[in-house]
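Some notes on the structure that comes next.
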Amino acid sequence: MKNIVTARAHTNIALIKYWGKADLALNIPTTSSLSMTLDQFYTTTSVAFTQEPSDSLILNAEAVDATRVGQFLEMMRGKYGDFPKIAVRSENHVPTAAGLASSASSFAALTVAMFGLLDLPKDEQEMSRLARRGSGSASRSIFGNFAVWNKGVDDQSSFAESFHNEDIGLSMIVAEISAEQKKMSSTKGMQLAQTAPTYAAWVEKSAHQLEEMKKAILHADIEKVGLIAQDNALGMHEQNRLCREPFDYFTAQTQAVIDFAKTCYRQGLLAFVTIDAGPNVKIITDRASERRLLEKFQAEFPDLTFDVARAGGAYEYL
Ligand SMILES: Nc1ncnc2c1ncn2[C@@H]1O[C@H](COP(=O)(O)OP(=O)(O)OP(=O)(O)O)[C@@H](O)[C@H]1O
Ligand SMILES: C[C@@](O)(CCOP(=O)(O)OP(=O)(O)O)CC(=O)O
């Protein structure tokens, strides 16, 4: 048996969002979702057995609260039999202020590393199911390029799969708007969003958008990919504003970046936006427009930092 295993998983950005749970304990979503895994941004996690009395987490060289990691490892003990406490050491390789330090790459990397440490068969479906328990979006970070998380109805049927594992030339420009820790976690935010009177309609529309998105990816039609992703994301944020206790992840700068992307599109450039549970904006474009668009955004928003990401790889052991 190995004593220490290190794995890497990349972060992913959903083009069709997961924003609501049908089962809170199991992370069964209300919608199926589709994402692009990013080449540049990833988490590297090492796991080792320890004699210490509890599981521990060192994140970016600092000892941090290991509650969520501990709960995840307890769930694994329930599933695969008891094993000693685990010392987790992890590094998030993401631009500090980009809001990309998501739980997706973290729980995917932890899952993959634990599969190595426990010598479990490297069944990607099972890895995706497990990662899902840590954080829903992590189910998709097992795969490179594009992944679809079929919502399923129970633990067994809810997992992500690789979808069109090819580079279609999609690029994302990440506008770093705020590094601040978000006040509303994804977990809490999506539960509130589900109380919006329009939520059921968003869920229904999302199923249709997913089918259209799949076709657009297969045809490498980036304009269509962008238009659908933008509509889906703006719809998601609309639920936050319409729910029982309204909240908003957007800042004035978020809106300004969105408006500028729309202006660029009207001028004939491929520029669309998607936004997750925070103020940062990911601008969707293609490789040919990437540089020109980046220069336009840098000129318009000289105080912001921009990073460029493309489709990336699946997990790996290091
Ligand atoms: N590399 C890591 N390994 C283990 N846990 C991590 C790692 N990075 C972050 N975490 C923990 O994961 C939790 C979630 O982080 P974060 O705020 O990004 O997640 P979230 O609210 O689920 O949202 P999102 O996925 O949209 O970023 C935090 O408790 C954080 O300490
Ligand atoms: C907006 C999103 O990024 C929300 C991600 O939510 P999480 O996967 O972080 O939520 P939990 O399952 O509660 O951990 C959209 C997406 O990635 O699909």
Side-chain angles (χ1 to χ4, degrees), residues 9 11-14 16-31 33 35 38 41 43 45 55 57 59-60 62-75 88 90 92 94-111 130-141 149 151 158 160 174-196 199 202-203 206 232-251 253-254 274-282:
T11 191
N12 74 74
I13 299 297
I16 298 292
K17 305 290 185 193
Y18 151 50
W19 196 241
K21 305 188 198 221
D23 185 314
L24 195 58
L26 291 173
N27 279 347
I28 310 291
T30 53
T31 62
S33 52
S35 60
L38 304 186
F41 311 132
T43 295
T45 296
D55 297 314
L57 170 62
L59 181 54
N60 299 333
E62 228 180 276
V64 296
D65 178 54
T67 310
R68 194 163 165 185
V69 161
Q71 283 165 352
F72 178 77
L73 293 170
E74 275 306 301
M75 180 274 296
V88 181
S90 188
N92 292 331
V94 294
T96 43
L100 281 170
S102 87
S103 47
S105 54
S106 309
F107 281 95
L110 180 59
T111 300
L130 247 287
R132 187 198 84 232
R133 298 291 298 274
S135 181
S137 53
S139 64
R140 300 183 308 241
S141 268
W149 173 14
K151 63 182 172 144
S158 188
V174 183
E176 299 186 33
I177 290 174
S178 170
E180 248 180 73
Q181 187 70 24
K182 58 191 165 222
K183 285 185 214 83
M184 180 75 74
S185 72
S186 304
T187 308
K188 178 121 192 286
M190 64 176 82
Q191 276 172 265
L192 279 175
Q194 285 179 254
T195 67
Y199 184 75
W202 179 75
V203 166
S206 165
N232 179 268
L234 295 179
M236 164 192 142
H237 288 275
E238 205 48 37
Q239 307 317 307
N240 303 343
R241 296 183 198 106
L242 295 172
C243 75
R244 204 180 50 211
E245 292 168 46
F247 63 101
D248 203 329
Y249 289 115
F250 289 16
T251 63
Q253 198 126 55
T254 306
T274 185
I275 305 108
D276 291 312
N280 305 297
V281 182
K282 289 100 186 172

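This chain uses plain numbering: 1 for the first residue, then up along the sequence.
Thr195 is not listed as a side-chain neighbour of Glu245, based on a closest heavy-atom distance of 4.5 Å or more. Looking at Leu26 and Arg132, their side chains come closer than 4.5 Å, going by heavy atoms from C-beta outward. Ile16 is not listed as a side-chain neighbour of Thr31, based on a closest heavy-atom distance of 4.5 Å or more. Side-chain atoms of Pro279 and Gln253, non-hydrogen and from C-beta on, never get closer than 4.5 Å to each other. Side-chain atoms of Phe247 and Lys183, non-hydrogen and from C-beta on, never get closer than 4.5 Å to each other. Using a 4.5 Å heavy-atom cutoff, the side chains of Pro29 and Lys151 are in contact. The shortest distance between side-chain heavy atoms of Asn232 and Ser206 falls below 4.5 Å. Contact of the Asn240 side chain with the Asp248 side chain is not registered, since no non-hydrogen atoms from C-beta on lie closer than 4.5 Å.
The side-chain contact (heavy atoms from CB on, under 4.5 Å) with Ser105 is formed by just one residue from the set Thr43, Leu38, Asn12; it is Thr43. Here the options are Ser106, Ser141, Ser103, the test is side-chain hydrogen bond (donor to acceptor under 3.5 Å, both in side chains), and the partner is Ser135; only Ser103 passes.
Note that the CG atom of Asn280 and the OG1 atom of Thr251 stand 8.5 Å from one another [nearest 0.5 Å]. Between the CZ atom in Phe107 and the CZ atom in Arg133 there is a gap of 12.0 Å [rounded to 0.5 Å]. Separating the OG atom in Ser186 from the CD atom in Gln191 is a distance of 11.0 Å, to the nearest 0.5 Å. Of the inter-residue distances, the one linking Gln194 atom CD with Leu24 atom CG reads 8.5 Å to the nearest 0.5 angstrom. For the atom pair CG of Leu110 and CZ of Arg68, the computed distance is 11.0 Å after rounding to the nearest 0.5 Å. Arg241 contributes atom CZ, which lies 10.0 Å from atom CD of Gln239 (distance to the nearest 0.5 angstrom).
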Dump the intermediate steps for side-chain hydrogen bond (donor to acceptor under 3.5 Å, both in side chains) on Ser137 and Trp149, then the final yes or no. CA-CA 9 Å; Ser137 53; Trp149 173 14; over 6 Å; no
Apply the test side-chain contact (heavy atoms from CB on, under 4.5 Å) to residues Val88 and Thr45: give CA-CA distance (whole Å), side-chain angles for both, the deciding distance (0.1 Å), then the verdict. CA-CA 7 Å; Val88 181; Thr45 296; 3.7 Å; yes
Take Leu130 and Phe72 through the side-chain contact (heavy atoms from CB on, under 4.5 Å) test and state the conclusion after the steps. CA-CA 9 Å; Leu130 247 287; Phe72 178 77; 4.1 Å; yes
Would you please test Arg244 and Leu192 for side-chain contact (heavy atoms from CB on, under 4.5 Å) and show each step? CA-CA 7 Å; Arg244 204 180 50 211; Leu192 279 175; 4.1 Å; yes
Evaluate the side-chain contact (heavy atoms from CB on, under 4.5 Å) criterion for residues Leu234 and Ile275: first the C-alpha distance (whole Å), next the side-chain angles of each, then the deciding distance (0.1 Å), finally the verdict. CA-CA 8 Å; Leu234 295 179; Ile275 305 108; 4.2 Å; yes
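Residues Gly134 and Asn27 share a closest heavy-atom pair of C-ND2, 4.3 Å. When every heavy atom of Asp55 is checked against every heavy atom of Gly70, the shortest pair comes out as OD2-CA, 3.9 Å. Among all heavy-atom pairs drawn from Ala233 and Thr274, the shortest one is CB-OG1, 3.5 Å. Of all non-hydrogen atoms in Ala104 and Ala138, the two that sit nearest each other are O-CB, 3.3 Å. Taking all atoms of both residues into account, the shortest heavy-atom contact from Ala277 to Trp19 is CB-CH2, 4.1 Å. Counting all heavy atoms, side chain and backbone alike, Tyr249 lies closest to Met184 at OH-O, 3.0 Å.
Counting only distance, with no hydrogens or angles, the side chain of Asp23 and the backbone of Ala25 share a donor-acceptor pair below 3.5 Å.
Using a 3.5 Å distance cut-off with no hydrogens or angles, the side chains of Tyr199 and Thr30 do pair a donor with an acceptor. For the 3.5 Å distance criterion, the side chains of Ser35 and Lys17 fail to qualify, holding no donor opposite an acceptor.
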